[in-house]
Amino acid sequence: MAGEIGEFQHIRIEREDGITWLILNRPEKRNATHPPLHFEMQRAITALETDPDTGVLILTGAGDSFCAGQDLKEYFRALDADPVGRARARKASHDWTWERLWLFPRPTIAMVNGYCFGNAFTPLVACDFAIAAEDAVFGLSEINWGIFPGGLVSRVVADVLSYRDALYYILTGRPFDGRKAAELRLVTCAVPRAELRAETVKLARELLGKNPYALRAAKEAYKLCRLMDYAQAYNYLAAKSAELRGADPEHGREQGIRQFIDEKRYRPGFESYQRG
Ligand code: COA
């Protein structure tokens, strides 16, 4: 399986026509994340960042669970007396669930096929898109076992949920389904379970038809400028535009303008220019 990326025990990588499926693979534990899984995910995502065959990355879980959050036994209790092991696992977890995924150089989609609890909210929010099965089950369940959403969870939840909704789910720990997650705008959309894979692949294929250099610059520009003040954002976006024009080997901007203005081949309001 994906020989050049490496061999893995707790995750799976599957590839088809530019789409890379990164699959948490501990279905018997509902894909709860333990330290060996974190180390494998960190290694896999690092390798995929520069993988020429990855045009879109889809994160999902094996079986009927997306991810049941951190492993209470092996990530929490087993490391209570091992501060070095805890620090290593914590770093790997943060690295892949947020740092590498948030600015992964290609578009990312979380396909939420079932349970999504606790720390799973971090990679969920890190992904550019999230498509959930209508009957997927979400929850900030930490309060139910005596802690609060740590790691980066409280922070990423503040990015996507309203103040009222965030506090409601953080303090009650009540579960909610995929339909509700879409209503809360925690996910991009929710679809019937039978259509989940097809809808996710459809979005991935649409993205594969667009200029990958522009896509990368677009997500970096949006995600980074949100954290800036107006003057910083205005200057950064100008510099980023210049960077894209210099870095784009397919000269998308020039092609796009020519195909519309001179050749009248398409309308940018409705579709992408024809690449190649
Ligand atoms: N940590 C450790 N083990 C977990 C786990 C987690 N977060 N989530 C599930 N598991 C394990 C269970 O201990 C069980 O292991 P076992 O078969 O060795 O006994 C196995 O996965 C199946 O779990 P089970 O509860 O029997 O399955 P279920 O389908 O009835 O329920 C959940 C699934 C996800 C609702 C339930 O397991 C659960 O509430 N998990 C905890 C979710 C959570 O609070 N996560 C936040 C962590 S930050």
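Ligands are counted one by one from 1 in listed order, and the atoms in each one are counted from 1 as well.
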Quiz item: Does Phe138 reach the side chain of Leu124, with side-chain heavy atoms less than 4.5 Å apart?
Solution: yes
More than 12 heavy atoms from other groups under 6.0 Å of CD on Gln9: no
Strictly below 4.0 Å, N to O, side chains only: are Arg26 and Glu40 in salt-bridge contact? no
- Message: Strictly less than 4.0 Å: does any protein heavy-atom distance to atom 9 (C) of ligand 1 fall in that range?
- Response: yes
Margin query: Please report whether atom 44 (O) of ligand 1 has a protein non-hydrogen atom at a separation of less than 4.0 Å.
Written below: yes
*asked:* What I want to know is whether Gln70 and ligand 1 share at least one N or O pair that is separated by under 3.5 angstrom.
replied: yes
From the list Gln70, Arg88, His34, Gln42, side chain to side chain donor-acceptor pair (under 3.5 Å) with Ser93 holds only for Gln70
| request: Can you confirm whether something in the protein, heavy atoms only, sits under 4.0 Å from atom 1 (N) of ligand 1? | output: yes
Residue, atom and distance of the protein heavy atom nearest atom 46 (C) of ligand 1 read Ser141 OG, 3.4 Å
- prompt: Does atom 14 (C) of ligand 1 have any protein heavy atom closer than 4.0 Å?
  reply: no
* Any protein heavy atom nearer than 4.0 Å to atom 30 (O) of ligand 1 -> no
min-distance protein heavy atom vs atom 26 (O) of ligand 1 -> Arg30 NH2, 4.4 Å
Check: Does ligand 1 have any atom sitting under 4.0 Å from a heavy atom of Glu74?
Finding: no
- Would you say Lys223 has more than 12 foreign heavy atoms packed within less than 6.0 Å of its NZ? yes
Within the structure, does at least one protein heavy atom fall under 4.0 Å of atom 37 (O) of ligand 1?
no
Ignoring hydrogens and geometry beyond distance, is a side-chain donor-acceptor pair present between Ser141 and Asn144 at under 3.5 Å? no
Check your understanding: Got a salt bridge between Arg106 and Asp51, using NZ or NE/NH1/NH2 to carboxylate O under 4.0 Å?
Key -> no
A student checking ligand 1 against Asn119 at a 4.0 Å heavy-atom cut-off should list atoms 48 (S)
- Query: Is Arg216 reaching over with its side chain to a backbone N or O of Pro107, donor-acceptor style, under 3.5 angstrom?
  - Reply: no
Checking heavy atoms under 4.0 Å, the part of Ala68 that sits near ligand 1 is both
Residue, atom and distance of the protein heavy atom nearest atom 33 (C) of ligand 1 read Tyr115 CE1, 3.5 Å
Worksheet item: Distance-only, no hydrogens or angles: does the Asn31 side chain make a donor-acceptor pair with backbone N or O of Ala62 under 3.5 Å?
Response: yes
In this structure, atom 6 (C) of ligand 1 is nearest to the protein heavy atom Ala32 CB, 3.6 Å
Atom 20 (C) of ligand 1 sits nearest the protein heavy atom Glu28 O, 3.2 Å
- prompt: Backbone or side chain, does any N or O of Lys73 fall under 3.5 Å from an N or O of ligand 1?
  reply: no
Atom 3 (N) of ligand 1 sits nearest the protein heavy atom Asp71 OD1, 4.2 Å
Checking heavy atoms under 4.0 Å, the part of Trp145 that sits near ligand 1 is side chain
- Between Arg265 and Tyr273, a side-chain donor and acceptor under 3.5 Å: no
Of all protein heavy atoms, the one nearest atom 12 (C) of ligand 1 is Lys29 CD, 4.9 Å
**Q.** Side-chain donor or acceptor of Asn113 paired with backbone N/O of Gly63 under 3.5 Å
**A.** yes
I'd like to know if the side chain of Ser272 reaches the main chain of Lys210, judged simply by a donor and an acceptor atom lying under 3.5 Å from each other, with no hydrogens or angles considered. no
re atom 39 (O) of ligand 1, the protein heavy-atom contact at minimum distance is Phe117 CE1, 4.9 Å
